[in-house]
Amino acid sequence: MSAFSRRGGELCCEAIAVSELAKKFGTPLYVYSKNGIVDRCRGFRAALGNTKICYAVKANSNPSILTLLHAAGFGMDVVSVGEMEHALKAGALPSDIVFSGVGKTDAEIERGISLGIFSFNVESRFEMEAIARIVARLKKPVRISFRVNPNVDVMTIPYIATGLYENKFGVPEGDLAELLEIVEGEPLVKLVGIGCHLGSQLLELKPYQLASSRLAKIASELKVAGHPIEFIDMGGGLGVSYVDEKPPSLKDYGAIVRAEADRLGVRLVIEPGRSVIADNGILVASVLGCKSTPKRNFCVVDAAMNDLIRPSLYEAVHRVEPVVESPVKAKFDVVGPICETGDFLGRDIPLPQLSRGDLIAVLTTGAYGMSMASNYNARPRPAEVWVDGSDSVLIRPRERPEQGF
């Protein structure tokens with residue numbers, strides 16, 4: 001069963017019409033396909049075999065979704081102690097957790113060491129110094145991986161590129177020697193991996209091939225030097241189709257990212273987020289009205305940049321469609337009620353002439369939708385539901401203004 005499809009011109013999630021969900025739960029509303037998520041997890045497993053797959057919690061941290069992914073055998077990639085606690089609550093074992101991120105606090109490092117997590121992805125000298133200092137005080141061992149900045153251009157949105165020297169992430173290869181000195185000075189620190197993260201929304205496989213070749217070379221040198229390298233970590237970043245992009249198949253992706261790890265006889269670790277969840281979620285909004293100026297047509301809806309910030313933050317483009325199909329009348333900017341000119345969900349969107357109470361859907365919003373939502377303008381964040389065949393379940397209630405957030 002397709003996660004989202006049209007039947008009789010009406011958009012459905014699995015076996016339920018989206019209009020029924022809007023009527024039952026209200027709008028704005030995030031809707032997810034539970035079976036779509038499970039199918040995607042199976043696809044990753046089939047394509048990647050014995051790879052350790054750690055879902056990037058930042059993409060969508062809904063507790064029900066995290067529990068579902070844990071049940072599917074995924075570990076968790078976290079970037080804060082809050083995400084780590086969410087992962088644990090969802091059932092993840094410490095040995096399932098990879099802690100990434102460029103700015104870990106002492107308290108976060110101490111929590112991870114105390115738990116005995118799978119690995120810290122180390123991104124700087126100051127982080128390596130902090131880990132060594134805390135390990136010496138706690139007298140507990142820690143597993144680490146160096147996150148290398150490979151300086152590979154992946155031609156994605158600048159704000160989500162992470163693998164160039166102009167980005168804040170990772171350690172240039174030439175700086176690894178000074179990190180190794182710190183590791184070798186603290187016997188409780190074990191260097192078990194080498195990794196990178198090139199960025200997000202990658203639509204070509206060549207960058208993965210270039211980066212994995214560089215990592216394999218470094219891993220080989222570290223093994224010769226006596227470090228117990230167990231894995232190569234290729235991060236996440238695999239793209240999805242927001243409009244008409246054609247991302248690589250999981251089979252082709254798996255073959256590329258596994259090649260060097262298999263050759264070296266080490267395990268592969270990956271940290272997908274967007275590519276697991278994005279296609280399996282939509283944002284549903286109600287039309288408040290349409291208006292025109294001599295320059296533009298506007299469709300004003302009850303969802304806004306606080307509910308989905310990607311278009312406003314870095315001009316990301318999503319397909320926006322009426323929930324009930326109808327002949328296109330004109331192009332509209334789909335905008336929300338927030339008092340900012342930058343409050344838009346889509347620009348120049350072909351739409352029918354919609355009336356108050358009609359529904360629109362912003363597609364491919366399962367990732368970096370609700371996880372980036374805010375209470376700007378004191379707006380309550382949306383409800384979240386998932387659909388399981390012909391059943392719907394509220395997995396996060398709508399906030400209420402009187403809660404004070």
Lys223 atom NZ, neighbour heavy-atom count above 12 within 6.0 Å: yes
Is the number of heavy atoms from other residues, nucleotides or ligands within 6.0 Å of CD (Glu129) greater than 12? yes
Using modelled atom types only, decide if a donor and an acceptor are shared between the side chain of Thr365 and the backbone of Leu283 within a distance under 3.5 Å. yes
Under 3.5 Å, sequence neighbours excluded: what are the donor-acceptor pairs made by side chains of residues 91-103?
from	atom 1	to	atom 2	distance (Å)
Asp96	OD2	Leu93	N	2.9
Ser100	OG	Asp77	OD1	2.7
Ser100	OG	Asn121	ND2	2.9

What heavy-atom pair brings [X] and [Y] nearest, and what distance separates the two atoms?
X      : Y      : answer
Leu66  : Ala87  : CD1-N, 4.5 Å
Ser145 : Ser119 : N-OG, 3.4 Å
Arg274 : Leu238 : CD-O, 4.4 Å
Val323 : Ile360 : CG2-C, 3.9 Å

Glu184: what forms a side chain to side chain contact (heavy atoms under 4.5 Å, CB included) with it, not counting sequence neighbours? Leu180, His227
Side chain to side chain contact (heavy atoms under 4.5 Å, CB included) involving Glu110 - partner list, sequence neighbours excluded: Ser114, Ile134, Arg137, Leu138
Would you call Arg263 and Glu260 a salt bridge, taking side-chain N to carboxylate O under 4.0 Å as the test? yes
State plainly whether the residues Asp106 and Arg133 are in salt-bridge range, i.e. N to O under 4.0 Å. yes
Answer yes or no on whether [X] is positioned over the face of [Y], meaning its NZ or CZ is under 6.0 Å from the six-membered ring centre and within 45° of the axis.
X      : Y      : answer
Arg398 : Phe25  : no
Lys58  : Tyr368 : no
Arg310 : Tyr242 : yes

Quick one, Asn60 with Tyr32, criterion side chain to side chain donor-acceptor pair (under 3.5 Å). Give me CA distance, side-chain angles, the key distance, then yes/no. CA-CA 11 Å; Asn60 188 316; Tyr32 308 110; 3.2 Å; yes
